[in-house]
Amino acid sequence: MKINGKPTRTIWPSADNQAVEIIDQTKLPHQFVVLSLKTLAEAAQSIKDMWVRGAPLIGATAAYGFALAARATPDDDGLKAAYKILHATRPTAINLKWALDRCLAYALPLPVDQRAQGLWALAAEIADEDVAINSAIGDHGLALIRELWDGKKTFNILTHCNAGWLATVDWGTAIAPIYKAFDASIPVHVWVDETRPRNQGASLTARELNWHGVPHTVIADNTGGHLMQHGMVDLVIVGTDRTTRDGDVCNKIGTYLKALAAFDNKVPFTVALPSPTIDWTVADGVKEIPIEQRDAKEQTHMVGKTKDGAMVEVQVTPDGSPVANYGFDVTPARLITWLITERGRCAASAQGLKELFPESQ
Ligand code: MRU
């Protein structure tokens with residue numbers, strides 16, 4: 001997507017190919033800071049500390065991190081150790097494992113002196129594939145919006161967390177259909193859940209919709225049910241960090257509550273799903289997907305901008321109150337109207353996924 005007219009991705013190789021560059025998303029929306037990752041340790045930290053985040057971008061960053069590791073320790077033991085370090089950074093988004101499995105399987109049969117170069121090219125390929133997948137999801141999602149839109153009134157879409165281009169290499173998953181609808185002159189308006197505790201909606205989704213000029217309104221996380229009861233939401237679209245072969249969707253904490261409200265109000269609830277986010281080894285999302293629990297500080301503190309532009313951190317809970325910080329929840333398939341993949345739309349079910357991805361069974 002473009003920032004002030006300049007096409008920009010979230011991750012790209014440096015001009016001399018010595019590093020991979022990323023946008024530090026912890027500084028958005030107020031500051032635009034680019035960081036250079038030169039080592040495995042830096043790449044692992046960028047995922048763990050959420051300088052980059054969003055399932056597809058985590059996968060692409062892991063691929064580049066693995067390629068950086070291969071420059072220092074290209075032997076089998078070195079690569080397996082790098083796999084472990086990167087894999088341990090975040091437990092829920094399956095794209096991380098998907099990318100690492102692909103990189104390791106590619107590298108091990110190669111002569112040791114060819115691994116680093118080959119892996120660098122593979123990381124670029126994974127990044128490019130992500131862009132193509134998300135663009136295709138955007139096309140299928142646009143077709144759905146065209147079907148649901150009455151041709152006249154503003155079409156209101158609610159989204160949770162950030163599943164836009166900042167969560168991927170480019171385009172985004174849930175937001176790709178919105179960009180394509182906006183570009184096709186459909187009058188879309190987006191309700192943006194702030195998405196506590198890290199505020200990916202308020203700080204990232206709002207930021208990117210703002211860059212593209214898409215009309216949107218940031219709402220407190222608990223507002224969606226009220227809006228749906230009053231006919232103010234035509235469609236919910238969210239992303240996913242892991243989808244099971246039976247169609248259960250694990251996404252940012254709070255997604256499940258939006259799905260319940262959508263179900264009760266007969267608002268279509270859709271999930272934009274790139275195929276690398278499907279975990280074919282898992283059927284029951286509630287029982288089988290590991291849910292990340294993060295530092296209490298994400299809940300107890302908030303960062304923001306003061307009137308004079310300085311960034312400050314403030315504490316919002318009383319000293320000593322215990323905190324639980326679950327990062328994700330699982331929305332059962334029965335609450336999901338459609339999954340939108342790069343191959344088209346399907347029911348959130350084993351049968352629906354099987355029809356679109358027969359080779360993966
Ligand atoms: O904790 P985050 O910010 O990595 O969580 C991101 C999400 O939950 C997204 O909705 C998901 O990764 C899909 S991104 C296209």
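Whatever order the structure lists ligands and atoms in, that order sets their numbers, starting from 1.
Listed by number with element, the atoms of ligand 1 under 4.0 Å from a non-hydrogen atom of A167 are 14 (S), 15 (C). Interface of M50 with ligand 1, defined as ligand atoms under 4.0 Å from a residue heavy atom, comprises 1 (O), 2 (P), 3 (O). Near T173, with a cut-off below 4.0 Å to any heavy atom, the atoms of ligand 1 are 15 (C).
Looking at atom 7 (C) of ligand 1, its nearest protein heavy atom turns out to be D241 OD1, 3.3 Å. For atom 12 (O) of ligand 1, the closest heavy atom belonging to the protein is A55 N, 2.9 Å. Looking from atom 10 (O) of ligand 1 to the surrounding protein, the closest heavy atom is N251 OD1, 2.7 Å. From the protein, the heavy atom lying nearest to atom 5 (O) of ligand 1 is K252 CE, 3.3 Å.
One hydrophobic cluster, built from ILVMFWY side chains closer than 4.5 Å, holds both L166 and I237.
Taking 4.5 Å as the limit, every side-chain heavy atom of T26 sits out of range of all side-chain heavy atoms of D49. Side-chain contact between T240 and V238 is absent, with no heavy-atom pair separated by less than 4.5 Å.
Residue E292 places every heavy atom at 4.0 Å or more from ligand 1. In this structure, T277 has no heavy atom closer than 4.0 Å to ligand 1.
The neighbour count for F32 CZ, taken as heavy atoms of other residues, nucleotides or ligands under 6.0 Å away, is above 12. More than 12 heavy atoms of other shown residues, nucleotides or ligands fall within 6.0 angstrom of atom CD in E42.
At a 4.0 Å heavy-atom cut-off, ligand 1 touches Q200 through the side chain alone. Only the backbone of T240 comes within contact range of ligand 1, with a heavy atom under 4.0 Å; no side-chain atom does. Only the side chain of P56 comes within contact range of ligand 1, with a heavy atom under 4.0 Å; no backbone atom does. With a 4.0 Å heavy-atom cut-off, ligand 1 is reached by the side chain of C161 but not by its N, CA, C or O. Contacts of R198 with ligand 1, taken as heavy-atom pairs under 4.0 Å, are absent altogether. Here H160 has no heavy atoms under 4.0 Å from ligand 1, in either its backbone or its side chain.
Under 4.0 Å is where a charged nitrogen must lie from a carboxylate oxygen, and between R343 and E359 at least one such pair does.
Between G54 and ligand 1, a contact under 3.5 Å exists for at least one N or O pair. Looking at T168 next to ligand 1, no N or O pair under 3.5 Å apart turns up. Checked by distance only, ligand 1 and F328 stay at 3.5 Å or farther apart across all their nitrogen or oxygen atoms.
Taking the six-membered ring for Trp and thresholds of 30 and 60 degrees, W165 and W211 have ring planes inclined between 30 and 60 degrees apart. The aromatic rings of W191 and H189 stand perpendicular to each other, their planes meeting at an angle above 60°, with 30° marking the opposite boundary.
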Practice prompt. Check the pair R196, E194 against salt bridge (Lys or Arg N to Asp or Glu O under 4.0 Å), reporting the backbone distance first and the verdict last.
Written response: CA-CA 6 Å; R196 283 284 290 146; E194 62 176 345; 5.6 Å; no

